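Remember, it's a predicted structure, so these values are computed and weren't measured experimentally.
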Amino acid sequence: MRNLKSRVTRTVDIARRVGYSVQQVRNLEREGVLPPAARTPGGHRVYGEVHLRSALAYRALAAATGPTEAKKILRTVHTGPLAAALALLDAAHARLHVERVELGHAQRAAASISFEPIVDVDRTDSMSITELADALGIRTSTLRHWDAEGLVIPERSRTQQGARHYTPAQVRDARIVHQLRKAGYPITHLRAVLPELRQAHRSDDVQSALAARDATLTMRSTAFLDAAAALHAVISSTAATHPDQAADR
């Protein structure tokens, strides 16, 4: 970044160079994402290189792992042992790796599930909620949650206190929802896309949804690269400014 080492003095300088509002920068300082700023006799904040680097690191981390985790990592960089901050970063990387592995499984599973034909449907082919939960390896409460969210809505028996039972089409819906949820696809997005998945070109729609998730993971992985470089710059800047604190770490 050009002129990164030039002196930064005002809140607006940080805001302009990071792409945040002035209030966002103040909020980040209040939340410990930026170290406390020095103050002029008139009470105005005075920022330096470490503040700019911290804001840049937060922006990259928020894109990679979300704002909550990004704030936690930066606060630990500034106040905790360095090893603790690196452990948080490693854990975030590990979660992303798990998501990518599960996405690969979901892409392969959804392809085969989507092509399963449903012909000559008979009411006796339906499954109870317990049978379907056991088949998927999930809890019945999960299926009830999907019902409440409008993802997989079972038939209701007029007897047995309205017991749920799933037709073959609904079983297939549940299997695809299960795979997409394992891949990290949000319920809000699933609710929007499932009506399309039930149409004739269902397999293409499922694969498109998973491809979008793949693109999101790629973006997050790239953001992690930027975040790692930015965090290293924060740590180096802190060490240069406060060598006694760096030694304690």
Novice: Measuring from Glu49:CD to Ser54:OG, what's the distance to the nearest 0.5 Å?
Specialist: 10.0 Å

Novice: Nearest 0.5 Å, what's the CG-CD1 distance between Leu143 and Ile153?
Specialist: 13.0 Å

Novice: Please list, chain by chain and in numerical order, all residues satisfying ring-ring contact (aromatic ring centres under 6.0 Å, His included) with His93, sequence neighbours excluded.
Specialist: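 ring-ring contact (aromatic ring centres under 6.0 Å, His included) list for His93, sorted by chain: Phe224.
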
Novice: Who passes salt bridge (charged side-chain N to carboxylate O under 4.0 Å, His left out) against Glu131, sequence neighbours left out?
Specialist: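 For Glu131 there are no salt bridge (charged side-chain N to carboxylate O under 4.0 Å, His left out) partners, ignoring immediate neighbours.
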
Novice: Going by the rule side chain to side chain contact (heavy atoms under 4.5 Å, CB included), which residues pair with Thr68 if we only count those two or more places apart in sequence or in a different chain?
Specialist: none

Novice: Just how far is it from atom CG of Leu89 to atom CG of Leu231, taken to the nearest 0.5 Å?
Specialist: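 That separation rounds to 6.0 Å.
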
Novice: So, the side chain of His165 versus the backbone of Pro154: is there a donor-acceptor pair under 3.5 Å, distance only?
Specialist: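 Not confirmed, His165 side chain does not pair with Pro154 backbone.
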
Novice: Looking only at non-hydrogen atoms, find the nearest pair between Ala57 and Val234 and report the distance.
Specialist: CB-CG2, 4.0 Å

Novice: Listed by chain and number, what are the side chain to side chain contact (heavy atoms under 4.5 Å, CB included) partners of Thr140, not counting sequence neighbours?
Specialist: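 Expected list: Ile129, Thr130, Ala133, Arg144.
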
Novice: Working to the nearest 0.5 Å, report the span between CE of Met127 and CD of Gln170.
Specialist: 12.0 Å

Novice: Apply side chain to side chain contact (heavy atoms under 4.5 Å, CB included) to Glu69 and list each qualifying residue two or more places apart in sequence or on a separate chain.
Specialist: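 Scan of Glu69 (side chain to side chain contact (heavy atoms under 4.5 Å, CB included), adjacent residues dropped) gives Thr65, Lys72, Ile73, Leu88, Arg95.
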
Novice: Could you list the residues that satisfy side chain to side chain donor-acceptor pair (under 3.5 Å) with Arg181, not counting sequence neighbours?
Specialist: none

Novice: Minimum heavy-atom separation for Pro81 to Thr76, with atom names?
Specialist: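 Reported closest heavy-atom pair: O-CG2, 4.1 Å.
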
Novice: Give, for atom CD of Gln24 and atom CD of Glu31, the distance between the pair rounded to the nearest 0.5 Å.
Specialist: 10.5 Å

Novice: Can you find a pair of side-chain heavy atoms, one from Pro35 and one from His51, that are under 4.5 Å apart?
Specialist: yes

Novice: What pairs meet the ring pair (Phe, Tyr, Trp, His ring centres under 6.0 Å) rule with one or both residues in residues 11-41, with sequence neighbours excluded?
Specialist: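 Ring pair (Phe, Tyr, Trp, His ring centres under 6.0 Å) check on residues 11-41 returns no pairs.
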
Novice: Could you tell me whether the side chain of Arg10 reaches within less than 4.5 Å of the side chain of His44, counting heavy atoms only?
Specialist: no

Novice: Using 0.5 Å steps for rounding, measure from the CG atom of Leu34 to the CD1 atom of Ile14.
Specialist: 7.0 Å

Novice: Could you go step by step and tell me if Arg164 and Glu155 meet the side-chain contact (heavy atoms from CB on, under 4.5 Å) rule?
Specialist: CA-CA 6 Å; Arg164 294 172 173 84; Glu155 304 293 327; over 6 Å; no

Novice: Does a side-chain heavy-atom distance below 4.5 Å link Leu151 with His145?
Specialist: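 Leu151 does not reach His145 side chain to side chain.
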
Novice: Mind checking what makes ring-ring contact (aromatic ring centres under 6.0 Å, His included) contact with His178, not counting sequence neighbours?
Specialist: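 With sequence neighbours excluded, His178 shows a ring-ring contact (aromatic ring centres under 6.0 Å, His included) to no residue whatsoever.
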
Novice: For Ala227, what residues pass the side chain to side chain contact (heavy atoms under 4.5 Å, CB included) criterion, not counting sequence neighbours?
Specialist: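 For Ala227 the side chain to side chain contact (heavy atoms under 4.5 Å, CB included) partners, ignoring immediate neighbours, are Ala60, Leu61.
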
Novice: Looking at residues at least two apart in the chain, or sitting in another chain, which of them share a salt bridge (charged side-chain N to carboxylate O under 4.0 Å, His left out) with Arg45?
Specialist: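 If we apply the salt bridge (charged side-chain N to carboxylate O under 4.0 Å, His left out) test to Arg45, skipping adjacent residues, the hits are Glu29.
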
Novice: Any side-chain heavy-atom pair from Lys182 and Ile138 closer than 4.5 angstrom?
Specialist: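 In short, these two side chains do not touch, never coming nearer than 4.5 Å.
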
Novice: What pairs meet the side-chain hydrogen bond (donor to acceptor under 3.5 Å, both in side chains) rule with one or both residues in residues 219-234, with sequence neighbours excluded?
Specialist: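 The answer is Glu99-Arg220, Arg100-Ser221.
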
Novice: My understanding is that only residues two or more places apart in sequence, or in another chain, count here; which of them pass side chain to side chain donor-acceptor pair (under 3.5 Å) with Arg39?
Specialist: none

Novice: Can any side-chain N or O of Arg213 pair as donor or acceptor with the backbone N or O of Leu103 at less than 3.5 Å?
Specialist: no

